[in-house]
Number of protein chains: 2
Amino acid sequence: MEANVIPIMNNIVDKMDMRLTYQRKVILNVLIENIDKHLTANDIYTLIKSKHNIIGMATIYRTIDILNKKGIVIKHDFGDSAAKYELEIEQNKNHHHLICKKCGKVIEMSGLLKDDFYETLLQDKGFECTDYKLKIFGYCADCRNA
Amino acid sequence: MEANVIPIMNNIVDKMDMRLTYQRKVILNVLIENIDKHLTANDIYTLIKSKHNIIGMATIYRTIDILNKKGIVIKHDFGDSAAKYELEIEQNKNHHHLICKKCGKVIEMSGLLKDDFYETLLQDKGFECTDYKLKIFGYCADCRNA
DNA sequence: TTATGTGCAAAATGTTTGCTCCCCA
DNA sequence: TGGGGAGCAAACATTTTGCACATAA
C-alpha cells in the first residue's frame, strides 16, 4: 500500500466496523487511489488483478454493497448499464454531474441547488433529505465547439 | 382507445415521425393512460396483455428506446434494478423525485434549482444543459412519523 | 412493393446467491 | 475456535440481438 493512502484508509476503517480482510483492504485501496474517479465493479476487479492477487467478483459486489449501506461508498448510475462507485468523502458528497450526451464525459460541479432547499423540502413535503444526486444532461464545451 | 387519449396521442404522433404500427399505438396508449406513473418495461407488457393482444418484450424495449431518443419518453433509474419510463410531457419534464429510503415511495416536486443554473453552467463550464434529473434521498413524512 | 417493424428464441450483461472451505478477531 | 467472509459456479433479471416473417406507407 502506498504511504499516502494509509491515513485515509485508517479513517475509513474506523467508520466501517467490520472485519478487515485482505480483500476488503485491497478494494478500499483501489477506491482511495481512484478517489476522483467513477469505477464499475469490473474496473475495481481489473485494477486489483493488475496489482494484487485476483479476488472474486462476488466479493467486490458484496463489499461495495456493505460500504454503500454504511455511507462509505456512493453508487451512481449514469445510464450506461453498469453502476459506478466512488468513495463518499466530503469532497465527493452531493456534488453534481454534468453528463455529455455526445461524448459521455462526466464533469463534476456543485452549487446549483437553492441554498434553502433542505428547509423547503421539510416544510412543503415533510421530507427529510439525507443526500441527493443531480444529473445534468447536455453538451460539453468540446462537443459544442466540434 | 379511450376518447380523451386521442388528442394527446395525435400530438405525440406528430412529433414521432415514424411508422405507426399497432404495437406502437398500444404502447403509447398505455403510457398516456399512466402519464402520472413510472412504468417498467414489464409493467407496460403486463398492462398491454390485460387489455389488448400480447406484444413482444423486444418490441417494447425497441419502441421505448426510440421514443426516449426522440425526447418523447423519459428513462428513470431509482436504484431498484429495472428502469422506469414515463411520457416526457411539459408537466413531467425536469421535475425532481424525492425517494424515501425506508418505504421506497417516490414523490414529485420542482423548483429546487437556482433560477440561473442554466446560465451558470454555460458560463462556468461551457456546458449546454438540455435536461436534468434531481433525485433526493431521505425519509418521507409517513416514515418519519412512524 | 419495399423498407421497416415484429416476434421468437437465444445471447449478452450485470448482479445475486448457495454452498463449501477459509481465516480474522 | 467460532462466526463472519471468500471463492466458485450456477441462478437470476433485465436488456439486446439475429433472423425469418409480416406490414405500413
Worksheet entry | Distance in angstrom units between A:Ile66 CD1 and D:dG4 C1', rounded | 10 Å
Item to complete: Report the distance from atom CZ of A:Arg24 to atom P of C:dC23, rounded to the nearest whole Å.
Response: 15 Å
Discussion item. Can you measure B:His52 atom NE2 to C:dT6 atom P for me and round it to whole angstrom units?
Written reply: 15 Å
Worksheet item: Is there a side-chain contact between B:His52 and B:Asn29 (heavy atoms, below 4.5 Å)?
Response: yes
Item to complete: Would you give a per-nucleotide map of nucleotides 15-25 of chain D, 5' to 3', where B means the base has a protein non-hydrogen atom under 4.0 Å away, S means only the sugar-phosphate does, and - means neither?
Response: BBBB----BBS
Worksheet item: Rounded to the nearest 0.5 Å, how far does CD1 of A:Ile89 lie from CD1 of A:Ile12?
Response: 8.5 Å
Item to complete: Assign the ring pair A:Phe78 / A:His76 to parallel, tilted or perpendicular, where the plane angle (0 to 90°) is split at 30° and 60°.
Response: parallel
Worksheet item: Rounded to the nearest Å, what distance is computed from the CG atom of residue A:Asp77 to the P atom of nucleotide C:dT13?
Response: 17 Å
Practice prompt. Mind calculating the distance between CD1 (A:Ile44) and P (C:dG14) to the nearest angstrom?
Written response: 14 Å
Discussion item. Please confirm whether the ring centroid of B:Tyr132 lies under 6.0 Å from the ring centroid of A:His96.
Written reply: no
Fill in: Separation of atom CE in B:Met16 from atom P in C:dT4, rounded to whole Å
16 Å
Worksheet entry | Side-chain donor-acceptor pair present, B:Thr120, B:Lys114, cut-off under 3.5 Å | no
Worksheet, complete the sentence: Here the distance between atom C1' of C:dG7 and atom CD1 of B:Ile27, to the nearest Å, is 13 Å
Worksheet item: What is the distance, rounded to the nearest whole Å, between atom CG of A:Asn53 and atom P of D:dG5?
Response: 20 Å
Discussion item. If the cut-off is 4.0 Å, is B:Gln23 near the phosphate of C:dG7, judged by side-chain N/O to OP1 or OP2?
Written reply: yes
Worksheet item: Quick one: side chain to side chain contact (heavy atoms under 4.5 Å, CB included) partners of A:Asn42, sequence neighbours excluded?
Response: A:Thr40, A:Tyr45, A:Thr46, A:Met57
